[in-house]
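Heads up: the structure comes next, in structure tokens.
Here the structure is a predicted model, which means the values were calculated and not measured. Hydrogens, waters and symmetry mates play no part in the numbers below; they use all other heavy atoms, side chains included.
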Amino acid sequence: MSISRVDTVSIPVSDQSESLTFYRDALGFELIRDHQADKHKRWIQLAPKGAETTISLVMPFGGMKAGSVQGLVVQTDDIHSTYDELSSRGVSLSEIVTLIGGRFATFADPDGNGWVLIEANSQMLA
């Protein structure tokens, strides 16, 4: 078997346009693709600058519910600076907590999909 990496994570959302605004403008993710196949099918793909793994903002399918993804982790080199910047862009974050070799704060997108912002003291491996 030759699976080499996670390519794209589907994020189920209720309004793709509203979610695009949040991920692009509030989080600063780069828009890779916004393709409207027809009036019911739209593919929106974004990623943090320089990241290999992307996200796609999808209308729920296959038993998904908008807001059901939890615990996705994004990393920063300076959690306090990133926290302040995200807060100034309207992102509501939890307080910063220090444990397991790093600092963490959580936040959610407009549908409640949950994210963890981490500044690791060293490489954290699952």
Side-chain angles (χ1 to χ4, degrees):
M1 182 179 292
S2 62
I3 295 174
S4 60
R5 68 185 177 101
V6 174
D7 183 77
T8 304
V9 176
S10 295
I11 308 294
V13 299
S14 60
D15 182 322
Q16 287 176 300
S17 294
E18 176 186 22
S19 294
L20 171 59
T21 298
F22 176 79
Y23 283 94
R24 182 191 58 214
D25 300 345
L27 296 186
F29 283 22
E30 294 182 334
L31 179 63
I32 296 167
R33 188 170 294 108
D34 186 352
H35 177 73
Q36 186 83 42
D38 61 38
K39 68 179 187 172
H40 301 290
K41 294 180 183 165
R42 183 177 179 192
W43 179 260
I44 301 174
Q45 188 174 12
L46 304 104
K49 186 176 182 170
E52 282 190 31
T53 302
T54 67
I55 63 167
S56 62
L57 305 177
V58 300
M59 296 306 291
F61 64 90
M64 289 179 172
K65 292 182 182 172
S68 62
V69 173
Q70 299 297 313
L72 291 170
V73 179
V74 288
Q75 189 167 352
T76 180
D77 293 331
D78 181 347
I79 196 164
H80 293 289
S81 161
T82 303
Y83 187 101
D84 291 344
E85 184 173 351
L86 291 176
S87 293
S88 75
R89 294 179 183 183
V91 178
S92 178
L93 295 105
S94 70
E95 66 180 68
I96 297 172
V97 176
T98 301
L99 61 120
I100 316 173
R103 295 185 185 102
F104 304 81
T106 59
F107 63 92
D109 74 6
D111 285 296
N113 291 298
W115 291 80
V116 180
L117 176 67
I118 179 175
E119 175 191 302
N121 293 335
S122 61
Q123 186 173 11
M124 297 179 69
L125 300 174

What is the minimum heavy-atom distance between Val13 and Met59, and which atoms define it? O-SD, 3.6 Å
Looking at side-chain heavy atoms only, is the closest gap between Gln75 and Val73 below 4.5 Å? no
Grab the two heavy atoms, one from Pro110 and one from Glu18, that are nearest each other, plus how far apart they are. CB-OE2, 3.8 Å
How far does CG of Leu31 sit from CG of Asp25, to the nearest 0.5 angstrom? 10.0 Å
Taking atom CG of Leu46 and atom CD1 of Ile55, what is their separation to the nearest 0.5 Å? 5.0 Å
Leu93 and its side chain to side chain contact (heavy atoms under 4.5 Å, CB included) partner, picked from Asp84, Leu117, Thr82: Leu117
Would you mind listing every side-chain hydrogen bond (donor to acceptor under 3.5 Å, both in side chains) that reaches into residues 93-106, with sequence neighbours excluded? Ser94-Thr106, Arg103-Glu119
Joint cluster assignment, Trp43 & Ile32, ILVMFWY side-chain distance < 4.5 Å: no
Rounded distance (nearest 0.5 Å) linking atom CD1 of Ile79 with atom CG of Leu86: 9.5 Å
Using 0.5 Å steps for rounding, measure from the CD1 atom of Ile11 to the OG atom of Ser56. 7.0 Å
Would you say the side chain of Arg42 lies within less than 4.5 Å of the side chain of Ser17, judging by non-hydrogen atoms? yes
Closest approach of Ala47 and Thr53, non-hydrogen atoms and distance? CB-O, 3.8 Å
Glu52 side chain vs Val6 backbone, donor-acceptor pair below 3.5 Å: no
hydrophobic_cluster_shared for Val116 and Val9, side chain cutoff 4.5 Å: no
What are the two closest non-hydrogen atoms of Phe107 and Ser92, and how far apart are they? CB-O, 3.4 Å
Locate the shortest heavy-atom distance separating Asp15 from Asp111; write the atom from each residue and the value. N-OD2, 4.4 Å
So OG1 of Thr76 and CD of Glu85: to nearest 0.5 Å the spacing works out to 9.0 Å
Common cluster, Met64/Leu57, ILVMFWY with side-chain heavy-atom separation under 4.5 Å: no
Take the angle between the ring planes of Phe29 and Tyr23 and call it parallel below 30°, perpendicular above 60°, tilted in between. tilted
Looking at every heavy atom in both Val69 and Asn113, which two are closest together, and how far apart are they? N-OD1, 3.0 Å
CG (Asp77) with more than 12 external heavy atoms under 6.0 Å: no
Flag yes if Val91 and Tyr83 sit in one hydrophobic cluster, no otherwise; membership is Ile, Leu, Val, Met, Phe, Trp, Tyr, and two members link when side-chain heavy atoms are under 4.5 Å apart. yes
Kindly compute the distance separating OG (Ser10) from CD (Gln45), expressed to the nearest 0.5 Å. 9.5 Å
According to a hydrophobic-cluster definition based on side-chain heavy atoms being under 4.5 Å apart (Ile, Leu, Val, Met, Phe, Trp, Tyr only), do Val74 and Phe104 belong together? no
